[in-house]
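Please read all numbers here as calculations on a predicted model, not as lab measurements. We count residues from 1, following the sequence as given.
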Amino acid sequence: MAESAFQLVSEIGTQLGRQTRSGKDSLLKLLKQAANALSEIEQPSTSEAARKLEAIKNLEVSTKPLRKAIVHGLLQHKDKEVRLLVAICISEIFRVMAPEPPFEDKYLRDIFKLIVSIFAELADTASPHFSRRVKILETIARCKCCVIMLDIDCNDLVLETFNTFFSVVRENHQRSLINHIISIMTHIINEEASQTLLDVILRKLVKDGKGAPCASYQLAVSIIQNCAEKLEPFICGFLTNCILDRDAVENELKEFYHEIIFQIFQCAPQMLLAVIPNLTHELLTDQVDVRIKAVNLVGKLFALPKRHVAQHYRDLFLEFLKRFSDKSVEVRVSALQCVKAFYMASPFGTESHEVITALEDRLLDFDDKVRTQAVIVACDLARSNLKFVPPKLISQTSERLRDKKIPCKILMLCFDKDCKEFRSQNMELVLAEDLFPVLLSVAERTRHWIHLFSLFTPLHVKALNSVLSQKRRLQKEMQSYLALREKEKETSSEEMQKRIKTSFMKMAALFPDPSKAEDSFHKLNQMKDNNVFNSLALLLDELKIADAQTIRDKFLKTVGDRHPHFEFLSSLSSKCSHNIFGSEHIQCILEHLSDNRYGTKLLEASSAKLLLAIISIFPSLLRGSEAQLRMLIEENRKINDKLIEVLAKAAPHISVKLSDIYPILERVCREGSRIEAKFSVAAIAAFGGVSEQFIFSKLCKDLVVSLHAGQNIPTVLQSLGCVAQYSVSAFEAQDGEITSYIYEKIFRVDSSDNINSYNDASGCTSSCKLKIYGLKTLVKRFLPHRGTHARRQIDELLDILSNMLQKGDAFDGIITCENDKAHMRLAAAKSVLQLSRRWDLHISPEIFRFTILVAKDSSLFVRRLFLDKMHKLLKEHVIPSRYACAFALGTSDCPKDLQDDSFKYMAEFIKEYSREARIRQSSSVQGGAITDYPAYIVVFLIYFLAHDTGFPSENCPEEEIYAQFCSPLFNLLEALVNATVVDGDMDLVNDALLLLLSIFRAIKKAEDVVDARNTPRLHIIADFGFSFLKSLNHNDASSAHAPALILLPSSFFRAYSGCLNQSPFNDCFIKKVVQMFKSRLSLPITALPKRGRKCQEDNTKLAIIESNTLYLASSEKVDLSTTEVETRKNMRQDITVGHRQKQGVSSESVRLRECSINHQHSASKKSKRVLEKEPLSSCDSVTRLSLAESHISVQTLERDALSLKENVRASSNVVSDPPKYSKAEAKDTCSLNESNNKSETLIGQRIKVLSPIDRCFYSAVVDGYNSQNNTHKITYDSGEVEVLSLESESWETISNSLLVEREVVLAESNSFQLQHRGLKGTIGTSGGAAATQQQKVLPSEECGKLSNRTDLLPAKVKRGRKASKDTSASEVINLHEDAVAKRTRRKKI
């Protein structure tokens, strides 16, 4: 049988060797026969050496034809089935000829590549070929032939094999298959272990070990267990280095070494005998975040069941106990969080009692946060198993309930994402049932609430509002459901069912377990007992706590505790009833205020705040107490503002007529304080109803009379402004008279008239204060409530604001002291911010710039208030994000506290707006825009800096001056690409990086709309910004989630219409400026924490500037230093001329798309604002640039669309309007390559080609020329081949150094756009000018005037650009329409 198999294998091999073009079917048939024949052959097993040698020789002879056929043809076959059968034959040949390799070394690499590719298909268990693949795996595992890859130095294939096994292993794989995989991996590691293979295993151990263990995690565990002896030196060395000096470890897994320790300890604890004691070093370190992580790790190790780690590592446990009294609050809290798991793992051990003693000590900690955490832990222990908790701990915990701050802290747990037990859904029960004893009267509860409110911060109030708001939403939704249910009885429909289902979803979301609650609501809907629904309706209507409790008790008693839905009905009835606050609380608060029994203004104020907090959510609770509230308002107390606000919020829900309350409110509008007047007008609007217009008209007339009489002008102005917001028509009837009064009687008054009448609170004169009040009134005219649009013109007001921002007063010639001017600038800036909510389109670049300039105001007081106001408005998302660039200005030339706050505000803005931009971008409903990303504010910061009067002169060679001037930009860039700002989200960092690079390129293609003379400044700042980014990026950047388009606001920029002028600075100077900035950081190096570790006194600024190196994700890498980009074959763009689109010639190249963006310019007399037609934003697009614009092919547009312009004013770099030349004229004048004959003569010539990306020359040989598309075949010294149009390149022959360059000519327009679809792959970067620009061709006599220019290359460069120094206009040529080039990676020579 064996002889026939030998013969058959030999014959099949011979046939396969003879067939050069055999069909697939015949090939498969022969390979199957060969595989079957090989399977029948056994390894020589004779004990006689001679016979064994003979048998081996027969094997070699018989299989030689087949082996030859495999390596000389079958190995390269593309068909999957053929490759599978070839792999089977190979595995069988390995088996029968083991232990010697049956193939020569030069073929083994390709053979193992084939085998690994077969392994990659093992995940497809449903494939009909699955069993064959498993057979190959089994054979390879038994032969141990994979270790041959180590002998032939195929370490990359070994790594690929490991990654393949981890990616294909599945839970449903048979155990035998997994054992074969483990066997192969174990043999390789036992043969030659390495850190690289260990990293692959550890990566799966960490990333796949979270959540339910998956197959790849189990595989990693098995490998570690099987190869513990071989891997132990690598693991111990790596982990020990991470513990002792993590920063010196060059391995990305160092960020996860705590998790690695925990995972390995669970599967192979003997490997870490030398590592675990070193954790004591981390428990003693000075760095707080390291101690916290060490405490968490050690706590998890101690909590492992049946391990007794605390006993085996006693010294480590003793040091862990000391962390309960650590000097850091965060460390003590972290230690407390480990107590429950530690204690429950071994409640009767000696170590557990020591931990409980430490917990008891923390109940008396001096920090309320630690005390609160100790109470929570003690309660958790008691809830888990009360019999295990010592009575002493229970007693001491109960004592802590007397701690006044504990209820406040418990309330703050609403915001703790990790504390599910105290979410708003559960907190309601705590406040209603657990906060006070059951028998405590409502009056006493109210008194305690008032005391609590005296301790509340705004965050506490926010937490309480969250709890109450959720309760109110459920009550409203429940009322809607009950109404729908009644309608359903009459007319049931599918639409009705959908509405009911939606209602259930909304209510279920307000329960701790939404899915369970939703199911219970559906079951409730099926109940036929109307008494259940009637009782719920009564609970919703009952406002008194006592009566509501009676109804609820009766309801639950009727339902019975044996009812299947008793638990849900009990919870639902609690949420429907007013069990936290009722009308009795309101009465008690009003009585306390009326009796004035406290004697302290603090408690009176806290009473009013509590009343306002309750009524804001439950306004109907004021019913029955209207008369008492009215009496308090009439007494004109200092808390009247809160009382009137309560009245305004409750107005629609109480039985009070406007005619009864109007006299009081009208008097307050004239005689009260400004805040009281504000809420009084709001109350009148709430009560107004159909008579609102008449009431406001009358009120407005009365206020105008008071204004002319000079009676309490600040309050009257406030009232008039509020009336303008509630009733536009009523104010417009008196608008002329009011505006005239403010202009003539307030704005035109000199501050010198009452220079001594300073306002103690504000520090400015009374006349200045009146001007500010008048300005606020004028501004409110344009910000009406209820969505009403003001129909008046805003230009006049904007002119006044512009004057105030520049000169500190509304009109020229007014004598004003410097202090008042500062306050006026602040008021004007705040007014612009307010107007930007609705009128941002009308705010000119000039006014925007003067507004941002307030962040650098000479008055530190003004700077502080302006930045604080900006931060507040940005957090509320009520102003455009572009104003956030003011934070960057606050990071330099300011006192340290203001700098710190500016860094903090900037970091908060970047973090919040980055994530929201990502959400909008991924939303299929809203979509997203590049302008949503915080990195886009760099556009406006660059514009501001370019217009700054402090811009260094062109002749200034001092790096320090430029470093100081550009420091706001550098600080902003550093924050935008700092991963710590966005909690380590590398996708957001990569998005910001790519957007910034594209912004710099876009600005290099644009010019200043307002003043073209500032265009060179824009380009210079863009160069500085790009160089700074390069200095940060020492690693690679991921291009994931890159935004699609770059938009430049048309009111600030337009397409650059001139030739690129020489930059006054070279790369060396720019790099020195960047280095100078880094060396001038105010903080000493010793004050900076180690990268990745937060010091105890760390602040936001340190987090932003703690490292001058940007560390980015390694996936989809881009290296800024190499500045290289490969062509995206799957990326396509269309050429657009007018509104017609046509496909480009090459499908492999990204094309330029150009179209005009219509925009309109209109200006008022003074500010000359640029207004857009579209009511979108000031960021309407003038330029759209593709992020993939580096290395793109540019196709010339229609000949009649081309225009060339000249720029000869080199001294000032001012762009002038040149005469136009045709495309033909340009070619005749400027082309250096006039004929194909000359191009053909370059064949065989050695040349140097300038890379437009890294600006280096690369030696190459011209190997060929294609006359059809005018391209040359270039072979570089590195061996890389490229097809280029030398007309579009900068190159020189090595013999005569002839430099040839060209400039791409595009259609002349005021705007252009590049668009790309489907950004993929990697994007290289480099600093410089726009890749494609509207260029100019000069007459021959002027060709020399533009010499000695330096091309500033773009971060993502296109084919065809001006690329060299000393480019003259006579060298400008047009790119041939078919000249499409590809750029590959180049290495410097």
Side-chain angles (χ1 to χ4, degrees), residues 442-443 446-454 456 461 543 581-688 695 698-699 702-703 706 711-719 722-723 761:
V442 173
T446 303
R447 185 173 63 84
H448 282 295
W449 270 114
I450 292 172
H451 280 280
L452 281 176
F453 245 77
S454 66
F456 273 18
V461 177
L543 302 179
F581 296 111
S583 58
E584 300 100 320
H585 287 88
I586 303 302
Q587 292 174 358
C588 289
I589 294 172
L590 293 175
E591 287 175 3
H592 291 324
L593 289 172
S594 300
D595 295 343
N596 195 20
R597 62 183 63 173
Y598 295 112
T600 63
K601 299 300 181 184
L602 175 64
L603 291 181
E604 184 181 54
S606 63
S607 299
K609 290 178 181 178
L610 175 60
L611 178 65
L612 179 59
I614 299 173
I615 295 302
S616 296
I617 309 298
F618 301 105
S620 57
L621 294 182
L622 192 60
R623 291 175 190 166
S625 303
E626 297 92 340
Q628 208 168 2
L629 177 64
R630 178 181 173 181
M631 287 172 51
L632 287 171
I633 295 174
E634 288 178 340
E635 291 176 6
N636 197 19
R637 299 191 177 194
K638 289 190 176 181
I639 58 170
N640 250 21
D641 56 335
K642 294 289 187 300
L643 298 178
I644 296 174
E645 187 177 0
V646 166
L647 182 65
K649 291 184 179 297
H653 305 273
I654 57 179
S655 55
V656 174
K657 295 181 180 179
L658 178 59
S659 57
D660 296 335
I661 198 72
Y662 178 77
I664 300 175
L665 298 177
E666 190 268 343
R667 175 178 56 81
V668 173
C669 287
R670 290 184 291 104
E671 302 175 4
S673 66
R674 284 178 57 82
I675 187 67
E676 291 173 353
K678 174 182 175 181
F679 292 122
S680 294
V681 175
I684 293 173
F687 280 113
I695 294 294
K698 180 180 181 302
L699 177 62
D702 294 340
L703 291 172
S706 298
Q711 299 173 355
N712 199 8
I713 294 179
T715 298
V716 172
L717 289 173
Q718 172 80 309
S719 301
C722 294
V723 169

Seminar exercise, completed: dist Gln718:CD -> Ile675:CD1 (nearest 0.5 Å) comes out at 7.0 Å

For this session: Answer yes or no: is there a side-chain heavy-atom contact under 4.5 Å between Asn640 and Leu643?
Result: yes

For this session: For Ala608 and Lys642, work out which heavy atoms get closest and say how close.
Result: CB-CB, 3.9 Å

Problem set entry | Side-chain heavy-atom pair Val646, Phe679 within 4.5 angstrom cut-off | no

For this session: Locate the shortest heavy-atom distance separating Thr715 from Arg674; write the atom from each residue and the value.
Result: OG1-N, 3.9 Å

Problem set entry | Stepwise side chain to side chain contact (heavy atoms under 4.5 Å, CB included) test for Ile664 and Glu634 | CA-CA 7 Å; Ile664 300 175; Glu634 288 178 340; 3.2 Å; yes

Problem set entry | Considering all heavy atoms, the nearest Ile617-Pro619 contact | O-CD, 3.2 Å

Exercise. Which heavy-atom pair separates Leu603 from Ser454 by the least distance, and what is that distance?
Worked result: CD2-CB, 4.1 Å

For this session: Spell out, as yes or no, whether a donor-acceptor pair under 3.5 Å connects the side chain of Asn712 to the backbone of Gly672.
Result: yes

Exercise. Is there side-chain contact between Glu584 and Thr446, with at least one heavy-atom pair below 4.5 Å?
Worked result: no

For this session: Could you tell me whether the side chain of Asp702 reaches within less than 4.5 Å of the side chain of Lys698, counting heavy atoms only?
Result: yes

For this session: Return the minimal non-hydrogen interatomic distance between Cys588 and Ala443, and the atom names on each side.
Result: SG-CA, 4.0 Å

For this session: Decide side chain to side chain contact (heavy atoms under 4.5 Å, CB included) for Leu699 and Glu666; before the verdict, give the C-alpha distance in whole Å, the side-chain angles of both, and the deciding distance to 0.1 Å.
Result: CA-CA 7 Å; Leu699 177 62; Glu666 190 268 343; 3.8 Å; yes

For this session: Measure from the side-chain N and O atoms of Ser719 to the backbone N and O of Cys669, and report whether any donor-acceptor pair falls under 3.5 Å.
Result: yes

For this session: Verify side chain to side chain contact (heavy atoms under 4.5 Å, CB included) between Gln628 and Glu591, making sure each step is shown before the conclusion.
Result: CA-CA 8 Å; Gln628 208 168 2; Glu591 287 175 3; 3.4 Å; yes

For this session: Please check if the side chain of Arg623 supplies one atom and the backbone of Ser655 the other of a donor-acceptor pair under 3.5 Å.
Result: no

Exercise. Taking side chain as C-beta onward, heavy atoms only, is Val461 less than 4.5 Å from Lys609?
Worked result: no

For this session: Can you measure from CH2 (Trp449) to OG (Ser606) and round to the nearest 0.5 angstrom?
Result: 12.5 Å

Problem set entry | Interatomic distance, Leu611 atom CG to Ser607 atom OG [nearest 0.5 angstrom] | 8.5 Å

Problem set entry | Sidechain-backbone polar pair: Arg630 side chain, Asp660 backbone, donor-acceptor under 3.5 Å | yes

For this session: Could you tell me whether a side-chain N or O of Gln587 sits under 3.5 Å from a main-chain N or O of His585, the two making a donor and an acceptor?
Result: no

Problem set entry | Val656 side chain near Leu647 side chain, heavy-atom distance below 4.5 Å | no

Problem set entry | Distance (rounded to the nearest 0.5 Å) between Ser706 OG and Gln711 CD | 5.0 Å

For this session: Look at the side chain of Ser673 and the backbone N and O of Glu676, then say whether any donor-acceptor pair between them is shorter than 3.5 Å.
Result: yes

Seminar exercise, completed: Taken to the nearest 0.5 Å, the spacing of Ser594 OG from Ile589 CD1 works out to 11.5 Å

Exercise. Where is the tightest heavy-atom contact between Ser620 and Leu543, given as atom of each residue plus distance?
Worked result: O-CD1, 3.4 Å

Seminar exercise, completed: Taken to the nearest 0.5 Å, the spacing of Leu593 CG from Ile639 CD1 works out to 4.5 Å

For this session: Could you check if a side-chain atom of Leu610 sits within less than 4.5 angstrom of a side-chain atom of Phe581, using non-hydrogen atoms only?
Result: yes

